[in-house]
Amino acid sequence: MNNQATATCTLTDQDRMEDLLAQEKYLIDGYSTFIPEAACPELRQVLCDNLNGCFNNQYTIFDKMSQLGWYPTKAAPQADVDEIKQKSAQLKQQLG
């Protein structure tokens, strides 16, 4: 057995928040995969409710991180937003 002193591992609040955010993203990915394949309506509803909870949790964590400066974002120019809206509407119309 190695008698060397073990290093202590301390996690910062930012580390914890980043981990929580990553876990919510992982859960959302899983629910997004399984919901379309749920044949039982009751199960599908439970999974959808859980997915919505994950969306809310993810936003809450993101918003707090953003407020603390740990997840910097910048606003998109309105012209870019309008362009994406137009492209999305066109795609939706094409897909019928």
Side-chain angles (χ1 to χ4, degrees):
M1 185 167 147
N2 190 342
N3 289 331
Q4 293 179 349
T6 58
T8 59
C9 178
T10 54
L11 297 174
T12 65
D13 288 342
Q14 183 175 355
D15 293 330
R16 290 182 184 97
M17 294 288 279
E18 288 172 355
D19 186 56
L20 288 171
L21 188 61
Q23 291 301 314
E24 291 301 324
K25 290 178 180 182
Y26 176 77
L27 289 169
I28 287 168
D29 184 51
Y31 284 123
S32 296
T33 299
F34 295 118
I35 289 171
E37 300 171 3
C40 172
E42 292 84 6
L43 174 60
R44 183 179 173 87
Q45 186 59 54
V46 168
L47 295 175
C48 286
D49 292 344
N50 289 351
L51 177 62
N52 284 328
C54 288
F55 286 144
N56 292 332
N57 291 342
Q58 182 180 357
Y59 178 75
T60 300
I61 295 164
F62 155 78
D63 188 48
K64 184 63 176 178
M65 289 179 72
S66 182
Q67 290 173 21
L68 294 169
W70 297 339
Y71 201 120
T73 59
K74 61 179 183 177
Q78 188 60 46
D80 291 350
V81 173
D82 293 340
E83 181 182 347
I84 294 298
K85 284 181 179 180
Q86 182 181 19
K87 287 181 180 180
S88 295
Q90 288 172 348
L91 182 60
K92 183 177 179 180
Q93 186 177 20
Q94 288 173 355
L95 295 173

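The basis for the numbers below is simple: all heavy atoms, side chains too, and nothing from hydrogens, waters or symmetry mates. The model shown is predicted, which means the values in this text are computed figures rather than measured ones.
- Rounding to the nearest 0.5 Å gives a distance of 11.0 Å between CG of Leu91 and NZ of Lys87.
- In this model, no donor atom of one side chain and acceptor atom of the other lie less than 3.5 Å apart for Gln90 and Gln94.
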For a quick test of your reading: what N or O donor-acceptor pairs under 3.5 Å do the side chains of residues 44-51 make, sequence neighbours left out?
unit_1	atom_1	unit_2	atom_2	d
Arg44	NH1	Ile35	O	2.7
Gln45	NE2	Asp49	OD1	2.8
Asn50	ND2	Tyr31	OH	3.2

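- Atom CE in Met65 sits 11.5 Å away from atom OG1 in Thr73 (nearest 0.5 Å).
- The number of heavy atoms from other shown groups lying within 6.0 Å of OH (Tyr71) does not exceed 12.
- A pairwise comparison of heavy atoms in Leu21 and Ile61 identifies CB-CG2, 3.9 Å as the closest pair.
- More than 12 heavy atoms of other residues, nucleotides or ligands sit less than 6.0 Å from atom CD of Gln78.
- Cluster annotation: Phe55 and Tyr59 are assigned to distinct hydrophobic clusters (Ile/Leu/Val/Met/Phe/Trp/Tyr, side-chain heavy-atom contacts under 4.5 Å, transitive).
- Side-chain polar atoms of Ser66 and Asp63 form no donor-acceptor pair below 3.5 angstrom.
- How far CD of Glu24 is from OG1 of Thr60: 9.0 Å, rounded to the nearest 0.5 Å.
- Under a 4.0 Å N-O distance rule, the pair Arg16/Asp13 qualifies as a salt bridge.
- Within the model, atoms CD of Glu18 and CH2 of Trp70 stand 8.5 Å from one another, a figure rounded to the nearest 0.5 Å.
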